[in-house]
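As structure tokens, the structure follows; a few thoughts come after it.
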There are 2 protein chains.
Amino acid sequence: MEEHRPVTIYDIAERLNLATSTISRALKDHHSISDKTIKKVKKTAEEMGFVPNTLAAGLRGNKTKTIGVLIPTITQPFLSSLISGIEVTARKSDYSVIIMQSHDSYEDEVNMTKSLYSSRVSGVICSLAMETKDTSHFQQFSNNNIPLVFVDRVPKGYNTFRVVIDNYTAGYKATKHLIDQGCKRIAHLTAGAEFGNLYKERKRGYLDALTDHGLPVKEEWIINLKAMTYDAGVKACQKLFGLKVPPDGLFAPGDILAVSAVQTAKKRGIKVPQDFAVIGFNNDPISEIIEPNISTITHPADKMGKAAANIVIDTIGSRKEEEAKEITFLNTEVLIRESSKRA
Amino acid sequence: MEEHRPVTIYDIAERLNLATSTISRALKDHHSISDKTIKKVKKTAEEMGFVPNTLAAGLRGNKTKTIGVLIPTITQPFLSSLISGIEVTARKSDYSVIIMQSHDSYEDEVNMTKSLYSSRVSGVICSLAMETKDTSHFQQFSNNNIPLVFVDRVPKGYNTFRVVIDNYTAGYKATKHLIDQGCKRIAHLTAGAEFGNLYKERKRGYLDALTDHGLPVKEEWIINLKAMTYDAGVKACQKLFGLKVPPDGLFAPGDILAVSAVQTAKKRGIKVPQDFAVIGFNNDPISEIIEPNISTITHPADKMGKAAANIVIDTIGSRKEEEAKEITFLNTEVLIRESSKRA
DNA sequence: TTCCTTTACGCAATCGGTTGTTTTTAATTT
DNA sequence: AAATTAAAAACAACCGATTGCGTAAAGGAA
């Protein structure tokens, strides 16, 4: 541990009067090396403080045991849990994880794919930037047999692995739950096309649930947000509460919006859930802590990360480029809490 | 983009009838290459879809433009913001970031330092695992001139860079604020020695603030927690409220604890802040959303990440191993919100 | 003893840029 | 035109681990 130049297999070879190839093989328990030699080599390597240079191995073998993760930002509970799931799973198979944040910028995303490719990651897990319409910058991975998995915010019309939830069904279930609680005038917050089809699907589930149960769909109860933020939620809810016929329930496709709705209602003296039932989405930590607790749809970030990482790891090295890549759907559940429970 | 074997500088050299050294230099605007050649090379590289192999460059130069980040977990707001700050700063200088989670396990931390060293990271940023007492596994970085910066949870008696806040002063300021609001019986939650000196320092600030202002220090108002969780906070507060002489204020060294205190108080019909003023720590997102809003001490995660990354980047390559490494203190502020404001 | 297998290990090329040194070419000076 | 110098590009070693192929030694069969 005192050396100022890393110990290499050459150093070990010299010390033991063996060839580097023997050292290399011995360290990996190659069958053509005798047990005696293997033991001796490992012992010496340990003594000398040898640490393999993964760069050299990576260069030679053209594989790096590294997974690149490219996401909009890591400071969202959903995404940090996703990364956590990826990291834990990757590490079990001795993979490292490189993180990059696109901050929802298309340009950054493009540059980062280059950077990831440049560092010869073994696989890539990505949740698309909001700005991204064209996904041709991901072709370099497909073309070079590097597994590519999209999570949550996935592209359309591009044959790659995808790990997602069924947003349509989730939206349907959330709305159905409100209906079951007796809500008749259910509002919904959604987002424009630039957010991809994620929110669109949730909205479709919402609409179908309403019509399936004979409830009215009123345009004024459906508000398009430009950003899924607390403030945007407050503004939207104020608009809702100011309507001549205000809604008595809300399906918010994000917990932070649900929180804003609950708090805005409380400030107006509207009772939650009696006068206004709310269900959110994601099961962010805050939904459990806020009062009243917020009913929500689970969004299994950790599991999704784990699934994505496993797909990458299992796919590395297999040369089935032309095959159709499967889509993995993870289950969501309705978590009924105080904000919607009209017992 | 259609090639199934990456384009190398050899391919470019062959196409242009130049030596690979010329290509390599041209791509980096080396002065000994004519402008005409540089232009030609860059154009051809672009056309052929050349992407440099950072492994090869890293192997040769023994540097990788990669920063290793080793932290307990990324799913804490403070730590994910820290990483975010690191990532953004690193990227500006064209560095990549490798993330590893020790999950507060000493053994994992040791293995991960090996892994980071093995991949020849250019620098390391670390927040220590709770279990870690001995830090000799970090010597491999110091010995090999790899910049090492500890953040927030730093070791004692080890000459490395450190980026921290002044926990003593922060604890003092927080307590002082409660005193200014008229609190006379101020409680405190803290943690055992296994958490390092972070909480100890905050407690020291708390104690000094009390004695400086002639307020009593009562052991029963100081509760040692085994985990800094919501549930642990609830339990501790119930104990506090059950005392013959219950406290009228609380300095919680974490927002999640402050939240638990506020909610436990409310459930008991204790008015916050009138009967019980609370100040937390960290300025986690939740402190702003919960009702009442929670006063807190800012913990500039993003800035700390930025500072740490800058130290790493600035130090890479400079061979001043024997010099004393500076400690960077970042400022904290008291954010006065509803939970402590007795206007 | 000779021939044939195994077993155990060495040789040398390879991965793809980087860089110190040398050679070639072009430009400038006398 | 010859000599001097600067500019441009080539040569070749290098980083450290991996691996196909070759070979020597040891053991067994004929």
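First the proteins, then the strands, lettered A, B, ... as listed; each starts at 1.
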D104(B) side chain vs M130(B) backbone, donor-acceptor pair below 3.5 Å | yes
Just by distance, do the side chain of D302(A) and the backbone of S84(A) share a donor-acceptor pair under 3.5 Å?
-> no
Protein-nucleotide distance ([X], atom [atom1]; [N], atom [atom2]), rounded to Å:
X       : N       : atom1 : atom2 : value
H30(B)  : dA8(D)  : NE2   : C1'   : 11 Å
N62(A)  : dG16(D) : CG    : C1'   : 16 Å
K63(B)  : dG17(C) : NZ    : P     : 15 Å
L59(B)  : dT18(D) : CG    : C1'   : 12 Å
I9(B)   : dC11(D) : CD1   : P     : 14 Å
I12(B)  : dA9(D)  : CD1   : C1'   : 16 Å
D29(B)  : dA7(D)  : CG    : P     : 17 Å
N144(B) : dG16(D) : CG    : P     : 11 Å

State which of [options] makes the closest approach to the side chain of [X].
X      : options                   : answer
R5(B)  : dG16(C), dG17(C), dC11(D) : dG16(C)
S34(A) : dG16(C), dA9(D), dC9(C)   : dC9(C)
L18(B) : dT18(D), dC15(D), dA9(D)  : dA9(D)
T37(B) : dA8(C), dG17(C), dA8(D)   : dA8(D)
A19(B) : dT18(C), dA10(D), dA17(D) : dA10(D)
S32(A) : dA17(D), dC9(C), dG16(C)  : dC9(C)
R25(A) : dC11(C), dA9(D), dT18(C)  : dC11(C)
K28(B) : dT18(C), dC15(C), dA9(D)  : dT18(C)

Flag yes if more than 12 heavy atoms outside K306(A) fall under 6.0 Å of its NZ atom; otherwise flag no.
-> no
Smallest separation among heavy atoms of V164(B) and M304(B), with atom names = CA-CE, 3.6 Å
With a 4.0 Å cut-off, would you call E46(B) and K42(B) a salt bridge?
-> no
Check whether any side-chain nitrogen or oxygen of S24(A) sits under 4.0 Å from OP1 or OP2 of dT18(D), and answer yes or no.
-> yes
Taking OP1 and OP2 of dA10(D), is either one under 4.0 Å from a side-chain nitrogen or oxygen of T22(B)?
-> yes
Pairwise 5' ranking along DNA chain C for Y10(A) and D35(A), keeping only the more 5' one | D35(A)
side-chain hydrogen bond (donor to acceptor under 3.5 Å, both in side chains) between H30(A) and S32(A): does it pass, once the steps are laid out?
-> CA-CA 6 Å; H30(A) 195 278; S32(A) 82; 3.1 Å; yes
Report yes or no: is there a donor-acceptor pair, N or O only, under 3.5 Å between the side chain of T8(B) and the base of dC15(C)?
-> no
Between the side-chain atoms of R60(A) and the base atoms of dG17(C), is any donor-acceptor pair under 3.5 Å?
-> no
